[in-house]
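Reckoned from all heavy atoms, side chains included, excluding hydrogens, waters and symmetry mates.
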Amino acid sequence: MARALAAVWPLVKGCITGGVLGITVADWCASVVTMDGASMHPTFDPQQAERALVEKRCLYRYDFSRGDVVVIRSPRDHRQLIVKRLIALPGDWIQIPEMQEIRQIPQGHCWIEGDNAALSLDSRSYGPVPMGLLQGRVTHIIWPPQRIGRVDRKMPEGRIMPL
């Protein structure tokens, strides 16, 4: 029995070490998210079950830029992660075409929108969201193979008036 345990122990130790390292990388550096829904079409294709790389180092200094695609905890259900485009940062003034309104984004908040406005539940529905809900920045599509590539940063024209 002791001999069998001695033979298996290096494998068990390696699995535990690998698991701890994997969890550490997923928490601090990067993770993978599966795209679900059509709110970010055409950036992500809802028919493909795409997977994207989420970079998390940006969280340490809130190093986000207008136009980034971000993963955020839903303001309506904190158990759910959503993927949207970051449109405005704290202090920015944003024009909301649907309401013919201009609003200033309060400190500690941001404005997020889906690329497909008709199918997106976003800041147009629930207003500015706390920056503390941000979980990372989507940098690359990594699945399916024919869609592998960088996710572009883009902004709607004429909607933001930074301070």
Side-chain angles (χ1 to χ4, degrees), residues 23 25-163:
I23 290 169
V25 167
D27 281 348
W28 287 358
C29 299
S31 64
V32 175
V33 66
T34 301
M35 301 299 147
D36 185 26
S39 71
M40 285 299 292
H41 184 74
T43 302
F44 301 109
D45 185 350
Q47 306 300 319
Q48 296 279 334
E50 293 175 333
R51 287 178 178 75
L53 183 65
V54 179
E55 185 255 322
K56 294 184 175 186
R57 291 173 299 153
C58 55
L59 293 170
Y60 300 119
R61 286 190 238 143
Y62 287 105
D63 183 24
F64 294 97
S65 300
R66 292 171 200 87
D68 283 344
V69 175
V70 295
V71 176
I72 187 167
R73 290 219 171 270
S74 171
R76 296 217 170 140
D77 178 4
H78 294 308
R79 294 172 296 185
Q80 181 183 13
L81 293 176
I82 57 176
V83 177
K84 303 292 178 193
R85 191 168 300 277
L86 183 63
I87 302 297
L89 294 167
D92 288 351
W93 291 87
I94 183 165
Q95 179 184 10
I96 306 165
E98 295 83 8
M99 300 177 189
Q100 269 81 54
E101 179 182 351
I102 296 177
R103 296 174 79 176
Q104 185 176 26
I105 306 303
Q107 288 302 315
H109 290 72
C110 60
W111 189 270
I112 58 167
E113 293 181 2
D115 289 351
N116 187 351
L119 296 175
S120 183
L121 187 60
D122 51 34
S123 287
R124 292 174 286 211
S125 304
Y126 39 74
V129 297
M131 296 281 288
L133 295 179
L134 291 171
Q135 300 295 299
R137 174 182 27 237
V138 176
T139 60
H140 293 81
I141 296 173
I142 59 172
W143 189 263
Q146 68 272 18
R147 293 270 295 146
I148 290 175
R150 186 158 186 72
V151 174
D152 292 330
R153 180 183 294 157
K154 60 183 178 182
M155 283 291 300
E157 293 291 319
R159 301 245 336 261
I160 306 303
M161 294 146 263
L163 279 177

Show the numbers, then the answer: is there a side chain to side chain contact (heavy atoms under 4.5 Å, CB included) between L121 and Y126? CA-CA 8 Å; L121 187 60; Y126 39 74; 4.0 Å; yes

[Y] and [X], any side-chain heavy atoms less than 4.5 Å apart:
X: V54; Y: Q135; result: no
X: I82; Y: V71; result: no
X: L59; Y: R57; result: no

For the backbone of [Y] and the side chain of [X], can you confirm whether one donor and one acceptor N or O come within less than 3.5 Å of each other?
X: Q146; Y: P144; value: no
X: S123; Y: G127; value: yes
X: R159; Y: I94; value: no
X: Q48; Y: E50; value: no
X: D68; Y: S65; value: yes
X: D152; Y: K154; value: no

To check you understand the geometry: which heavy-atom pair defines the closest contact between A88 and I105, and what is its length? CB-CG1, 3.7 Å

What pair of heavy atoms forms the shortest contact from H109 to P130, and how long is it? CD2-N, 3.5 Å

Trace of the salt bridge (Lys or Arg N to Asp or Glu O under 4.0 Å) decision for E101 with R124: CA-CA 11 Å; E101 179 182 351; R124 292 174 286 211; over 6 Å; no

Separation of [Y] [atom2] from [X] [atom1] (nearest 0.5 Å):
X: T139; Y: K56; atom1: OG1; atom2: NZ; result: 12.5 Å
X: I72; Y: I112; atom1: CD1; atom2: CD1; result: 4.0 Å
X: L86; Y: R137; atom1: CG; atom2: CZ; result: 9.5 Å
X: I160; Y: W111; atom1: CD1; atom2: CH2; result: 9.5 Å
X: I148; Y: W143; atom1: CD1; atom2: CH2; result: 7.5 Å
X: R73; Y: R79; atom1: CZ; atom2: CZ; result: 10.5 Å

Passing option when V138 is tested against V151, V70, L53 for side-chain contact (heavy atoms from CB on, under 4.5 Å): V151

Please test D92 against R66 for side chain to side chain contact (heavy atoms under 4.5 Å, CB included), starting from the C-alpha separation and ending with a verdict. CA-CA 10 Å; D92 288 351; R66 292 171 200 87; 2.6 Å; yes

CA sep, side-chain torsions, deciding dist, call: R76, S125, side chain to side chain contact (heavy atoms under 4.5 Å, CB included): CA-CA 11 Å; R76 296 217 170 140; S125 304; 4.2 Å; yes

Side-chain atoms of residues 36-44: list all donor-acceptor pairs with protein atoms under 3.5 Å, sequence neighbours left out, distances to 0.1 Å.
residue, atom, partner, partner atom, Å
S39, OG, K84, NZ, 2.9
T43, OG1, R85, NH2, 3.1
T43, OG1, D115, OD2, 2.3

Go through the steps for I87 and M155 under the test side chain to side chain contact (heavy atoms under 4.5 Å, CB included), then give the verdict. CA-CA 7 Å; I87 302 297; M155 283 291 300; 4.2 Å; yes

